[in-house]
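It should be emphasised that the depicted structure is a prediction, and the values quoted were computed from it without experimental measurement. Sequence lines set the chain letters: A, B, ... in the order given, protein chains first and strands last, and positions in each chain run from 1.
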Number of protein chains: 2
Amino acid sequence: MYGSANVTERQAQAPALAISTVIFALRTDPGSGRSEIWLPLVRRIRQPHLGKWALPGGPLGGSESLQDAAARNLRETTDLEPTYLEQLYAFGGLDRAATQRLVSIVYWALVRPDQADLARESENVRWFRASEAAGLAFDHDEIVAYALERLHGRIEHGSVAYHFLGDRFTLTQLRGVFEAVLGRPLDPANFRRQLRSARDIAATDEVLQGGRNRPPRLYRYTGQNAQAPPPARTPADDRPTS
Amino acid sequence: MYGSANVTERQAQAPALAISTVIFALRTDPGSGRSEIWLPLVRRIRQPHLGKWALPGGPLGGSESLQDAAARNLRETTDLEPTYLEQLYAFGGLDRAATQRLVSIVYWALVRPDQADLARESENVRWFRASEAAGLAFDHDEIVAYALERLHGRIEHGSVAYHFLGDRFTLTQLRGVFEAVLGRPLDPANFRRQLRSARDIAATDEVLQGGRNRPPRLYRYTGQNAQAPPPARTPADDRPTS
DNA sequence: ACAAAAGTGTTTTAACTACACCCATGG
DNA sequence: CCATGGGTGTAGTTAAAACACTTTTGT
């Protein structure tokens, strides 16, 4: 597949640098009422991998930070502002793209369901269930898989789950987020207790009316900064969006 | 839209891509006998930041993976092979370097004490205590601080501690690693139990002779892959070294 | 015999699990 | 008044922390 001329040519040129973003949102299945993780993909309109679905992304602009470039990916594909944005990993394998050496710094983002509902879909932008996103262009299958792993880890320890929801939410909604990410049911009683102690949530005096059952209390997230761990003391870049 | 003028313009403003590596090793203080974390730094022999100490690194070669470039950093500065190598973070702030836009993909590595003792020191390569590495070039102070945080996190959960040591080690040596990284003393009795259950270590039938006290048993690490979490299923690059 | 580190045992405490039970609402 | 999800209580299990205690070496 690679002629020797191709290899020498590759050695000569500096690697291209691109930013891609994995955007996660929660959607509630109308049928079962269960929460699921979705992500938007864009259809490639050029070679290589023409016609395949791929992560939103593009070259890094000369005068924007990595984080800004990732946020721009969101805006340009879905008109959304992220509620959470964190660097995922830098992928730089030699065989990622056939024609040129490509290094991609990948971010992952969370958006709220109300935002995701507003997001535009078009011929070349479509939302997929994370579990059904396969056959993507380049190595994007693996990138999505790794992003899901990271999400899994972050939700257990950190305070990421809230960023899937609005500023007011019920504990059952929050539990739905955990269950969708972890992929297993959680005991409602224990889940409630675990959050009451230690986590940064506070009960409001409001309840959610209109349901079929007893109106659940609404809570809000009080953790000041929706912080992403990586650049602990803001290394001049990549400050996560609150 | 893609005229040659545009291409050259893009090339002109395209960020430079470099790989740097934070190399950690353990050294036992001759006086107190306590373990401490050290790292090698190289003196800059050009502007900018001429004369300051900096992390080993350099531009990414056209035909090497990111991981390979990081391993090359180790070889070129210290003649060492890493026992552990993991991607840390990609730093890409606009103000990282004065003259040009610079994106650095930073790795961190662990080496064994016997390797570190063999590592050459020179006029322009010197080892520093991690706690005393300050005033470095560029944003390397922050990068080192973040690498220490990551090390801290990895040692609590993962199986990273063993890579500071040789293939045979006493539990007290291993506890020394934990104490040096975590910065607090640990109960020897509980530490022993915690490792016996769950962690991948096995007792050998050998003991370490020559000490002043009762000879401690030697253990070895049986975890097959010294794995780093990031690319869970080897995204065509960056496989951590065993 | 003594000091000092290796190694074992035991008690206490906290956290998580599982599950029984009561409460409030719409139909 | 019944079904359904919201919310509380409680016993059993498991893991970790604190610390007393025994063992083995060199001097």
* Asked: With a 4.0 Å cut-off, would you call A:E36 and A:R129 a salt bridge?
  -> yes

* Distance in Å, A:R217 CZ paired with A:L208 CG, rounded so as to fall on 0.5 Å steps -> 12.0 Å

* To do: Starting at CZ of B:F24, measure out to CH2 of B:W108 and round the result to the nearest 0.5 Å.
  => 7.5 Å

* **Outermost nucleotides of DNA chain C that come under 4.0 Å of a non-hydrogen atom of chain B** => C:dA4 to C:dT10

* Any salt bridge between B:R220 and B:D167, counting N to O under 4.0 Å? -> no

* Structure fact -> Distance col, row A:F91:CZ vs B:S65:OG, nearest 0.5 angstrom, shows 13.5 Å

* To do: Report which part of the nucleic acid A:T172 touches: base, sugar-phosphate, or nothing (heavy-atom distance under 4.0 Å, all strands).
  => sugar-phosphate

* **Any residue of residues 205-215 of chain B with a heavy atom less than 4.0 Å from an atom of DNA chain C** => B:N213, B:R214

* **Test: B:R34 and B:D29 ion pair at under 4.0 Å** => no

* **Residues touching DNA chain C, which here means a heavy atom under 4.0 Å, drawn from residues 176-193 of chain A** => A:D187, A:A189, A:N190, A:R193

* When the distance from CZ of A:R196 to P of D:dG6 is rounded to whole Å, what number comes out? -> 14 Å

* Asked: When you check the gap from the basic side-chain N to the acidic O, do A:E206 and A:R168 get nearer than 4.0 Å?
  -> yes

* Structure fact -> Taken to the nearest whole Å, CG/A:L195 to P/D:dT8 is 13 Å

* **A:Y162 and A:Y221 aromatic ring geometry - parallel, tilted or perpendicular at 30°/60° bounds** => parallel

* **Residues A:E123 and A:R43 bridged, charged N to O under 4.0 Å** => yes

* Asked: With a 4.0 Å cut-off on heavy atoms, is A:S197 in touch with a base, just the backbone sugar-phosphate, or nothing at all?
  -> nothing

* To do: State whether a side-chain donor-acceptor pair under 3.5 Å links B:R96 with B:S104.
  => yes

